[in-house]
Each structure stands twice: as C-alpha cells, then as structure tokens.
Amino acid sequence: MTLAYGDIAEQQADITRLLLHHIQAPLPNARFIRGVLPSPPPIAAVRIVTGPQRTSTPDDVTAWEIPLITVDDPEEPAGPNDILGIVRALNTGTQIFSSSRVDTVMGMPLVHVDPAQIAPVGPGAYDNAFTILRTLTYPWTEEQPDPRLRGFLLRSPDRMRLYVDHEEDTEVIAVDVRPSGALTALLAALPSLIEEAERTVPGDIDDPHCRRLINLTDW
C-alpha cells in the first residue's frame, strides 16, 4: 500500500496526540516518550523517541522509525494504538538489532523497526483508565487545531521543538520554544509567528524532520 503524503501527515498528527501523556506516564522499563518526529517525506513512517524522563543527552535516548503500515493487513495504515503497542514492546526487555538497521539522527541512535519482527504489547490498566477519562473529557475528533501538531522533541528541561504544519500545507515547520516562557501569549501568536520569514533560522539546521526552523525561545 502506498500512502499519500496527506494521509501520512494525518497519521503522524493522530499518533502524536495519543502519545502525549507518555511524556509523564512511563512505558515499560521506566522509559518515557521524549519525542515524536515526522519522518522525512516521502517515508511513510513515524519516529518515536524514548528514554529517561529527565535527560538532555542524545546518547541517552533512542529514536525508533516505525512504518505506518500494519503487518496483518498491508492495505490498512497503522493507527495510533498499533504504533503504541510496538513502542511498548520495543521498550520491554533488551532489544538486539542488526547494524544494518541502526543509524543516527540529530546525535540520537535511530533504529529502523521491522514491525513483522515485533510482538506488540497491549495496554495496561492505567492506559485503559486514561483512555476512558480522556474520551469523556476530550472526545476524539477529526478536527485539529491550526497549526497542527505533527510531532515534538524534548531537547532539555527548558527547550522543546514543536513540529507543525499550517492551513492546507503539509510542509513541516519546526519551532523551538521555552516551556517556562509566556505560554499564553506564545500559543495565541503562533499561527502568525510561523509565517514571519525573519524568524527562520538561517543555514543548515541539522534536522531532517522539517523544511525550516523558527526560533521562538525569546518569547
């Protein structure tokens, strides 16, 4: 199955929404979600970054590139829960991978996952309880905010990179922000700020997950 890039972008956004609470709720082996990265086009995949909850060292985390295709039905795109089951499995016990499947990206080890070799791990009681509460308070909807969050990366205790797209354009824009900054003002102004060309960081940004980078850490 070949996914259109618009469908890939939608899947990446849905997966990001599902995994957000795991920046605080642990995966197996006391690992946490440190980021969700939209794989560079035209790759139909998503990159999930896991590691200790408090770290700013790329060597301490692992980026897992997981295809957005289900093993049981290649004609069916992998949903957020499919990806989460694989992420749980990858962080359970010790995993050994061929060197041909291991790369690096942004200083992090990058493992190209073959879902056919992974037995997904289902949700625990905490995950199901969270699903019940989230559904009752924030029902799932096809509508997403604009800008749409395609991913994020926790880079340090006070530096986070957002990956967003805007309006009908699926081009990914990276935005560096400070969680300790003026969040209310930043979030209100974000749609217009990402259109200001003078805020684009010039030169090579060493991030293949976006077309351009905007620095809003001064907000």
Side-chain angles (χ1 to χ4, degrees), residues 5-20 22-23 32-51 53-66 68 83 103-112 144-219:
Y5 190 60
D7 294 330
I8 294 171
E10 184 176 343
Q11 288 295 97
Q12 291 167 342
D14 287 346
I15 290 164
T16 299
R17 282 199 285 178
L18 181 72
L19 296 186
L20 283 179
H22 280 294
I23 68 172
F32 292 80
I33 298 290
R34 300 289 301 169
V36 178
L37 308 175
S39 292
I43 303 172
V46 65
R47 294 173 174 177
I48 311 298
V49 181
T50 63
Q53 187 176 32
R54 304 187 187 282
T55 183
S56 55
T57 305
D59 285 346
D60 289 342
V61 301
T62 302
W64 310 93
E65 183 173 86
I66 305 172
L68 294 177
I83 299 298
D103 205 340
T104 59
V105 63
M106 300 172 67
M108 301 177 288
L110 171 65
V111 179
H112 301 275
Q144 295 213 27
D146 185 20
R148 176 175 62 173
L149 184 65
R150 293 270 296 279
F152 65 93
L153 182 62
L154 301 171
R155 307 197 63 169
S156 72
D158 198 30
R159 178 69 66 91
M160 177 168 61
R161 180 164 292 178
L162 307 174
Y163 295 91
V164 302
D165 60 21
H166 185 39
E167 296 179 341
E168 298 300 317
D169 191 352
T170 55
E171 175 183 288
V172 176
I173 304 166
V175 186
D176 280 346
V177 300
R178 285 186 304 112
S180 66
L183 295 186
T184 301
L186 171 66
L187 293 172
L190 188 60
S192 59
L193 291 173
I194 62 177
E195 294 184 338
E196 296 178 4
E198 64 272 17
R199 293 188 176 274
T200 299
V201 175
D204 184 7
I205 59 174
D206 189 31
D207 188 342
H209 309 100
C210 61
R211 186 65 60 87
R212 59 191 176 97
L213 170 65
I214 293 175
N215 183 9
L216 297 181
T217 57
D218 57 346
W219 271 70

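In this text, all values refer to a predicted model and were calculated from it rather than measured experimentally.
Sorted by first and then second residue, the pairs that involve residues 200-211 and meet salt bridge (Lys or Arg N to Asp or Glu O under 4.0 Å), not counting sequence neighbours, are Arg161-Asp207, Glu171-Arg211. Screening residues 182-191 for salt bridge (Lys or Arg N to Asp or Glu O under 4.0 Å) gives no qualifying pairs among residues at least two apart or on separate chains.
Residues Thr50 and Trp64 approach most closely at OG1-NE1, 2.9 Å, considering heavy atoms. Closest approach of Tyr5 and Val172 over heavy atoms only: OH-CG2, 4.2 Å. Between His209 and Tyr163, the closest heavy-atom pair is CB-CE2, 3.7 Å. Summarising the geometry of Ala9 relative to Thr170, their closest heavy-atom pair is CB-CG2, 4.1 Å, with the distance given to 0.1 Å. Summarising the geometry of Leu68 relative to Ile83, their closest heavy-atom pair is CD2-CD1, 4.2 Å, with the distance given to 0.1 Å. The two atoms that bring Pro58 and Pro109 nearest to each other are O-CD, 3.8 Å, heavy atoms only.
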Start with the C-alpha gap between Val164 and Arg150, add the side-chain angles, then the distance that decides, and say whether side chain to side chain contact (heavy atoms under 4.5 Å, CB included) holds. CA-CA 5 Å; Val164 302; Arg150 293 270 296 279; 5.9 Å; no
Val49/Leu153 under side chain to side chain contact (heavy atoms under 4.5 Å, CB included): CA gap, chis, key distance, verdict: CA-CA 8 Å; Val49 181; Leu153 182 62; 4.1 Å; yes
Full working for side chain to side chain contact (heavy atoms under 4.5 Å, CB included) between Thr104 and Leu110: CA-CA 5 Å; Thr104 59; Leu110 171 65; 5.8 Å; no
Worked check of side chain to side chain contact (heavy atoms under 4.5 Å, CB included) between Ile15 and Ile48: CA-CA 10 Å; Ile15 290 164; Ile48 311 298; 4.2 Å; yes
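The side-chain heavy atoms of Leu20 and Phe152, taken from C-beta on, include a pair separated by under 4.5 Å. Contact of the Val177 side chain with the Leu162 side chain is registered, since non-hydrogen atoms from C-beta on lie closer than 4.5 Å. By the 4.5 Å heavy-atom criterion applied to side chains, Arg199 and Asp218 are counted as neighbours. Residues Asp146 and Glu167 have side chains in contact (heavy-atom distance under 4.5 Å, counting atoms from C-beta outward).
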Which atom pairs, one a donor and one an acceptor, fall under 3.5 Å between side chains of residues 33-45 and the rest of the protein, sequence neighbours left out?
{"unit_1": "Arg34", "atom_1": "NH1", "unit_2": "Gln53", "atom_2": "O", "d": "2.3"}
{"unit_1": "Arg34", "atom_1": "NH2", "unit_2": "Thr55", "atom_2": "O", "d": "2.6"}
{"unit_1": "Arg34", "atom_1": "NH2", "unit_2": "Leu154", "atom_2": "O", "d": "3.4"}
{"unit_1": "Ser39", "atom_1": "OG", "unit_2": "Ala45", "atom_2": "O", "d": "3.4"}
{"unit_1": "Ser39", "atom_1": "OG", "unit_2": "Glu65", "atom_2": "OE2", "d": "3.4"}

When the side chains of residues 187-194 are checked against the rest of the protein, which donor-acceptor pairs come out under 3.5 Å, sequence neighbours left out?
{"unit_1": "Ser192", "atom_1": "OG", "unit_2": "Ala189", "atom_2": "O", "d": "2.9"}

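Applying the salt bridge (charged side-chain N to carboxylate O under 4.0 Å, His left out) criterion to Glu195, with sequence neighbours excluded, gives no partner residue. For the side-chain hydrogen bond (donor to acceptor under 3.5 Å, both in side chains) test, no residue two or more places apart in sequence or in another chain qualifies with Asp7. Legend: residues meeting side-chain hydrogen bond (donor to acceptor under 3.5 Å, both in side chains) with Thr57, ordered by chain and number and at least two apart, are absent. A search for side-chain hydrogen bond (donor to acceptor under 3.5 Å, both in side chains) contacts involving Ser180 returns Asp158, Arg178, not counting sequence neighbours. Residues passing the side-chain contact (heavy atoms from CB on, under 4.5 Å) test with Ala197, sequence neighbours excluded: none. Residues forming a side-chain hydrogen bond (donor to acceptor under 3.5 Å, both in side chains) with Arg159 (at least two apart in sequence, or on another chain): none. Here Arg155 pairs with nothing under the salt bridge (charged side-chain N to carboxylate O under 4.0 Å, His left out) rule; sequence neighbours left out. With sequence neighbours excluded, no residue forms a salt bridge (charged side-chain N to carboxylate O under 4.0 Å, His left out) with Glu10.
Here the CZ atom belonging to Arg54 is positioned 14.5 Å from the CG atom belonging to Asp60, to the nearest 0.5 angstrom. Here CG of Asp176 is found 8.5 Å from CG of Leu216. Values are rounded to the nearest 0.5 Å. Put simply, CZ on Arg47 and OG1 on Thr62 are 13.5 Å apart, with the number rounded to the nearest 0.5 Å. Once rounded to the nearest 0.5 Å, the distance linking CZ of Arg212 with CD1 of Ile205 reads 10.0 Å.
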